[in-house]
Amino acid sequence: MIYRSCVHSKSESDVFHVPHTRKAAERCRLKDGKVLRPTNRVESIEEPDGTLALVIKNARPEDAGQYSVLVQNPLGEAKSAAPVLVEQAPTFQKPLEPVNVVEGYPAKLEAKLAGSPPPEIKWLKDGEEIIPDNLHIREVRSPDGTVALLIDDCKPEDAAKYSLVAKNPLGESASSGKLGVSGKDSDAPPSKPCFVTPLPNLTVKEGEPIRFEAEISGNPLPDISWTVNDRPLTPADNTLITFDGEKAILEIRSSTPDHIGTYQCKLSNRLGEANSEGSVSVQEKSAPHFIQRLNDFNGFINQSLRLSCKVTGYPEPEVDWYFNGDLISAANPKYHLSKLGEMHTLAIPSCTVGDNGVYECKAKNPVGEDHTRAAVNIRSDFI
């Protein structure tokens, strides 16, 4: 019994054929380990020769994944799996937007792309291709498809219409946004700098971005400086400081415990200065740890069984259950596996002596793993 790997373009249909020779008591289809339910696009077919087919109509990018079929009867079970890739022309999940920046500050033009195969991209300035030099102009790409063009120390000549063109074998797409560069002087009455909205206190998880945004005023527009724990902050690969004349923004792309501390934004012009502070707390990555472990169970046939444990860890751990060393499939109708917050539960509605043995719950994340076990003893009588 074999699932075949499929690669399809968007809007085609995916069909899997799983030949088998015996009538199966239970069949279950899964996508990325989760039970796949029939919908108006997803259809299961069993042909006269015993072939099982799964049809997905008008394939979409989100249909990509690992598909499997589990067939069970009283004598055992069999499983087959295959990956599915859905090819599509480039699309902009988030287009370029207009950006305004004060002269002398960096600018960021950002978009988010999708496409398979991953598209090749190029940047245009007023219709002419530009090549990032990693000094004045840098390009940053993220695994989630986000692409940004960073322009350091903007000058009036940087003001233009910028375009991002994405292309792969299935097609091409483009998005544009204007960059405006303004000076510090205005016709408004002179005024001291002040914070219209102060800096907040932030709590993030390790790896998440940090973003401070403060609305400010003052004429002439103030000079802006940032510090963390009294140390100056400057633009870097992981740090972006921008100012559009109204909002002072500090962005840190990926947080670590080193970013914990007190951040200060200082404004100054010839009439005075102002300060605002905000703190950052970072939840550090941690290995899984069972803070509530499994307990042994003694019971009788036809009695229900419920094993529960509680696990912490960041990133959130992946949890698997085992019986006598064998992985328990989430599709196995004998077991009810559930999760509520950090609590994980395995339940058997009606036990038999065949359920005697050792049950184990394993939790794993990129930092580490932990496990807990319980012995289950089911007796055939009440004596």
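Being a predicted model, the structure only gives us computed values, none of them experimental.
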Student: Using only atom types and a distance under 3.5 Å, with no angle test, would you say the side chain of N324 pairs donor to acceptor with the backbone of V358?
Tutor: yes
Student: With a 4.0 Å cut-off, would you call K155 and E157 a salt bridge?
Tutor: no
Student: Tell me whether T372 contacts the main-chain N or O of L294 through its side chain, where contact means a donor paired with an acceptor under 3.5 Å.
Tutor: yes
Student: Any donor-acceptor pair under 3.5 Å linking the side chain of T352 with the backbone of G354?
Tutor: yes
Student: Tell me, yes or no, whether the heavy-atom count around D230 atom CG, taken from other residues, nucleotides or ligands under 6.0 Å, exceeds 12.
Tutor: no
Student: Please examine the side chains of S286 and T312, heavy atoms only from C-beta on, and report whether any two atoms are closer than 4.5 Å.
Tutor: no
Student: Show the atom names and distances, to 0.1 Å, of all donor-acceptor pairs under 3.5 Å that link a side chain in residues 196-212 to residues at least two apart or in another chain.
Tutor:
unit_1, atom_1, unit_2, atom_2, d
T197, OG1, E215, N, 2.8
N201, OD1, S279, N, 2.9
N201, OD1, S279, OG, 3.1
E206, OE1, K285, N, 2.6
E208, OE1, K205, N, 3.0
R211, NE, E213, OE1, 3.3
R211, NH1, E251, OE1, 3.2
R211, NH2, E213, OE1, 2.7

Student: Could you tell me whether K266 atom NZ has more than 12 heavy atoms of other residues or ligands within 6.0 Å of it?
Tutor: no
Student: Answer yes or no: are there more than 12 heavy-atom neighbours, outside R41 itself, under 6.0 Å from its atom CZ?
Tutor: yes
Student: Hey, is the main chain of T262 close enough, under 3.5 Å, to the side chain of N229 for a donor-acceptor pair?
Tutor: yes
Student: Any donor and acceptor pair, going by atom type alone, linking the side chain of K339 with main-chain N or O of G341 inside 3.5 Å?
Tutor: yes
Student: Quick one: side chain to side chain contact (heavy atoms under 4.5 Å, CB included) partners of V228, sequence neighbours excluded?
Tutor: R231, L233, Y263
Student: Applying side chain to side chain contact (heavy atoms under 4.5 Å, CB included), name anything that partners P132, two or more places apart in sequence or on another chain.
Tutor: I137, E139, L149
Student: With a cut-off of 6.0 Å (strictly less than), are more than 12 heavy atoms of other residues, nucleotides or ligands near NZ of K167?
Tutor: no
Student: Testing K364, K310, R293, K362 for salt bridge (charged side-chain N to carboxylate O under 4.0 Å, His left out) with D370, which one passes?
Tutor: R293
Student: Please determine whether the number of non-hydrogen atoms from other residues, nucleotides or ligands lying under 6.0 Å from atom NZ of K184 exceeds 12.
Tutor: yes
Student: Measure across L113 and L164 and return the closest heavy-atom pair with its distance rounded to 0.1 Å.
Tutor: CD1-CD2, 4.3 Å
Student: Would you indicate whether I291, at its atom CD1, is surrounded by more than 12 heavy atoms from other residues, nucleotides or ligands within a distance under 6.0 Å?
Tutor: yes
Student: Over 60° means perpendicular and under 30° means parallel, so tell me whether F323 and Y335 are parallel, tilted or perpendicular.
Tutor: tilted
Student: Does D152 offer a backbone N or O that forms a donor-acceptor pair with the side chain of H136 under 3.5 Å?
Tutor: yes
Student: Y67 side chain to L54 main-chain N or O, any donor-acceptor pair under 3.5 Å?
Tutor: no
Student: With K192 as reference, evaluate L271, N219, L267 under the side chain to side chain contact (heavy atoms under 4.5 Å, CB included) test and give the passing residue.
Tutor: L271
Student: Quick one: does S116's side chain have a donor or acceptor within less than 3.5 Å of a partner on Q88's backbone?
Tutor: no
Student: Has E246 got more than 12 heavy atoms of other residues, nucleotides or ligands less than 6.0 Å from its CD?
Tutor: no
Student: So do the side chains of T256 and V282 get within less than 4.5 Å of each other, counting heavy atoms only?
Tutor: no
Student: Without swapping roles, check the side chain of D126 against the backbone of A160 for a donor-acceptor pair under 3.5 Å.
Tutor: no
Student: For P117, is there any backbone N or O sitting under 3.5 Å from a side-chain donor or acceptor partner on N168?
Tutor: yes
Student: Can E360 and R373 be counted as an ion pair, charged N to O under 4.0 angstrom?
Tutor: yes
Student: With a 4.5 Å heavy-atom cut-off, do I301 and I378 have their side chains touching?
Tutor: yes
